[in-house]
Asks: 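Quick one: this structure, given as structure tokens, is what I'll be asking you about.
Letters A, B, ... mirror the listed sequences (proteins, then strands); counts begin at 1.
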Number of protein chains: 2
Amino acid sequence: MGASLKDVAARAGVSVKTVSNVVNGYTYVTPHTREKVERALAELDYRPNLSARNLRRGRTGVIALALPELDAPYFAELSRFVIDAAAERGWTVLIDQTDGLAHREREVLQGIREQLIDGLIFSPLTIGREELAARTDNTPLVLLGERILDGPTHHVAIDNQRAAREVTEHLISLGHTRIGAIGAQENPSANTAHLRLAGYREALRAAGLPYDERLVPPTGSYHRADGAALMRRLLELDEPPQAVFCFNDLLALGALRTALSSGLRVPEDLALAGFDDIEDGRYSTPTLTTVSPDKGQIARTAVELLSAQLGSVKRAGRRAAGGSEPEHREAREVEADYRLIVRESTVRP
Amino acid sequence: MGASLKDVAARAGVSVKTVSNVVNGYTYVTPHTREKVERALAELDYRPNLSARNLRRGRTGVIALALPELDAPYFAELSRFVIDAAAERGWTVLIDQTDGLAHREREVLQGIREQLIDGLIFSPLTIGREELAARTDNTPLVLLGERILDGPTHHVAIDNQRAAREVTEHLISLGHTRIGAIGAQENPSANTAHLRLAGYREALRAAGLPYDERLVPPTGSYHRADGAALMRRLLELDEPPQAVFCFNDLLALGALRTALSSGLRVPEDLALAGFDDIEDGRYSTPTLTTVSPDKGQIARTAVELLSAQLGSVKRAGRRAAGGSEPEHREAREVEADYRLIVRESTVRP
DNA sequence: CAACGCTGTTTCAACGATGTAATCGTATCA
DNA sequence: TGATACGATTACATCGTTGAAACAGCGTTG
């Protein structure tokens, strides 16, 4: 397979290092030599051996993106943006699926792939503050979507609470007074769920509406099936809700399915709103009112934050003997943009 | 950062190689030594440096999965299965998005990541037989979904033509005589599209129905938007179809959206069928009749085929001097299972 | 008891690339 | 003309790991 620097050097009649210099754009090389080398490079179709280069340089050019499930559309869409943003910096992305399992998330944090990756973008589901603090691995890290406070960790997220509040206010503005929510979670580490719930309650309170627990059935996960099941429970109530805010679009699509097959008209009999703005929601019937986070911005920002950390990490080589104190750059919390998008599921055009 | 074998060896008071032996489960190590070493390993939290290991072994433990778009649900779902199957073998998956662009697909084939990956699973969209034959890189390769004949390439696919025929037969069996198809492609390399079209025509012919080109508008891509647009064109015909077979579920969901918002009832006024069985189609209203390829089987088979090739590739080391003839194991074509799943979009329950 | 064959461990070299320092050649200047 | 500076190239060590081979110790065997 691939030719090595040695092969190229032999062919060009120069030393290995000179070839290396040409490859790396070192300044002091005679045009004549450079040309010879470049011809040899081309003839042998030289490709640097990344393992070797990484071993020497202490960098791999690969970052990991750890997320719960690749087949949840939100994450699939986000991944695409992350991969694109990483590609712009010449990085390759490797994907780790945690399935939202605590032990898998812990493994990711502890750096299963430590030696293979330069950095980690992590969208946690169940991991909490303590686990994060207990992290010993010091691969640069950027968290997505979770606002885990007072940690020394960079993260990117939208203001979930405010967004949730706006959705709920929108439902209230339509005249609904009995508004349900699907997606509350009992796991105390499920930050996102808590924030969205808080936003929902805030809006109710501000409007002087009561908070009725029966309208907020908890769930463990956020798939269509959960949305469908929870909606069924809501419809069984003596006094079902007139509107429901689902904490993500998958839940909303599941709920929509239940509602429609129960003979309800949406939005006439029941208004439905989601969160995430996945593509499905733009083609469902009715189309889905939702919160649209700027996924491109989130991805780009995450990659930038990673890049910044990478810059300040000293080259591998021999680790500074004894120096074990973790670097304490302060964590940057970046707030990404979002928009409330009103569609047919809450307002007939 | 990470401790190296050297550090561990020093701590345990043995040679580096002995530590390596313990790490790699070499048999002949005294329980006593082993224990000492293991303690040191644990104390220093040793993790092998993969770059170094790979450099030495000529393997990286990473395979690439190249596909058009991660955010198309079919590919997202498939990716999850591939990642899982790879994980069982201790491999990590790196994802390459080609966007179905010919030049990106060519790059993938020529091995952009050559030095980073041990193997490639590739789901091409536009690449044809010639490009495949022109491939110089000899990283083990498995193709997905495309039946590119007489190439020396392993591949996994379902029998697209037969499946398409069955879908069409199903529509015919419902009594429809004017059946459209959405998803035909003009690009001669778009094998899958041609096979599905062939299956469709085969069914028509067998039933003695005429093939009407106007009912089969071509498209360049397979997104919801395309399905929606093409459906609009079909509905504008003097004599619109009574049933439409869409070559994938995204097209079908787009078409469904157009049909419903045009006031048609599905399936009463228009029957719709898709292909791929993505989760969206199980929660749409109506739910979607579709062909369900066994994605798990496809993924596992692809990984197995790759594994088999890897086994027979000689360790890196110095490439056999001069020996440049490509190995000619014959290509294995594996046919994966699928099922026709009839749902509400063709038959009211 | 010498030769042999095990087990257990070590030494050495090598994978391919690159940083450091040394070297060589030529032009410049006092 | 000899010292000096600098441009261009090279030798060497090194990153962390592992295969090959050597070696040491000890029990067997003819």
Asks: Rounded to whole angstrom units, what separation is found between the CZ atom of R57(A) and the P atom of dC15(C)?
Replies: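 Checked: the CZ to P distance equals 20 Å.
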Asks: Can you tell me which nucleotide in dA17(C), dT9(C), dT17(D) comes closest to the side chain of A52(A)?
Replies: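 Nucleotide nearest to A52(A)'s side chain: dA17(C).
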Asks: Any side-chain heavy-atom pair from R80(B) and E77(B) closer than 4.5 angstrom?
Replies: no
Asks: In whole angstrom, what separates N54(A)'s CG from dA17(C)'s C1'?
Replies: 10 Å
Asks: With heavy-atom distances below 4.5 Å as the criterion, would you say the side chains of L141(B) and F122(B) are in contact?
Replies: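 Yes; the side chains approach each other to less than 4.5 Å.
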Asks: From the set dT17(D), dT11(C), dT18(C), return the single nucleotide nearest to any side-chain atom of K17(B).
Replies: dT11(C)
Asks: Using a cut-off of strictly less than 4.0 Å, decide whether Y28(B) has a side-chain nitrogen or oxygen near OP1 or OP2 of dT7(C).
Replies: yes
Asks: Whole angstroms only, please: what is the CG-P distance between L5(B) and dC15(C)?
Replies: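 One finds 19 Å between P of dC15(C) and CG of L5(B), rounded.
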Asks: Within a strict 4.5 Å, meaning less than it, do heavy atoms of the Y46(A) and L5(A) side chains meet?
Replies: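 When only atoms from C-beta onward are counted, L5(A) and Y46(A) do touch, with a gap below 4.5 Å.
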Asks: Considering only side-chain heavy atoms of T33(B), which listed nucleotide, dT18(C), dG16(D), dG8(C), is closest?
Replies: dG8(C)
Asks: Is any side-chain N or O of S20(B) closer than 4.0 Å to OP1 or OP2 of dT18(D)?
Replies: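 Answer yes for this pair, as a side-chain N or O of S20(B) is under 4.0 Å from OP1 or OP2.
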Asks: Rounded to the nearest angstrom, tell me the gap between atom CG in L55(B) and atom P in dT17(D).
Replies: 12 Å
Asks: So does R39(B) pair up with E35(B), basic N to acidic O under 4.0 Å?
Replies: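 Yes.
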Asks: Judged by each residue's nearest nucleotide on DNA chain C, which is more toward the 5′ side, T30(B) or S51(A)?
Replies: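 So the residue in question is T30(B).
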Asks: Output the rounded distance in Å from CG (L41(A)) to P (dA17(C)).
Replies: 10 Å
Asks: Would one find a side-chain N or O of R53(A) under 4.0 angstrom from OP1 or OP2 of dG16(C)?
Replies: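 No, because none of the side-chain N or O atoms of R53(A) sits under 4.0 Å from OP1 or OP2 of dG16(C).
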Asks: Can you tell me if Y46(B) touches the phosphate of dT17(D), counting only side-chain N or O atoms and a distance under 4.0 Å to OP1 or OP2?
Replies: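 For Y46(B), the contact criterion (side-chain N or O under 4.0 Å from OP1 or OP2 of dT17(D)) is met.
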Asks: With side chain to side chain contact (heavy atoms under 4.5 Å, CB included) as the test, pick out the partner of I117(B) among T92(B), V93(B), L94(B).
Replies: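 The residue from T92(B), V93(B), L94(B) that satisfies side chain to side chain contact (heavy atoms under 4.5 Å, CB included) with I117(B) turns out to be L94(B).
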Asks: With the side chain of R56(B) defined as its heavy atoms from C-beta on, choose the nearest nucleotide among dC15(C), dC15(D), dT9(C).
Replies: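 Looking only at heavy atoms from C-beta outward on R56(B), the closest nucleotide is dC15(C).
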Asks: So if I take every side-chain heavy atom of T18(A) and compare against dT10(D), dG8(C), dT10(C), which nucleotide ends up nearest?
Replies: dT10(D)
Asks: Tell me whether the side-chain N/O atoms of N24(A) come closer than 4.0 Å to OP1 or OP2 in dT18(C).
Replies: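 N24(A) to dT18(C) OP1/OP2: side-chain N or O found under 4.0 Å.
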Asks: To the nearest angstrom, how far is R59(B) atom CZ from dG19(D) atom P?
Replies: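 Rounded to the whole Å, the gap is 12 Å.
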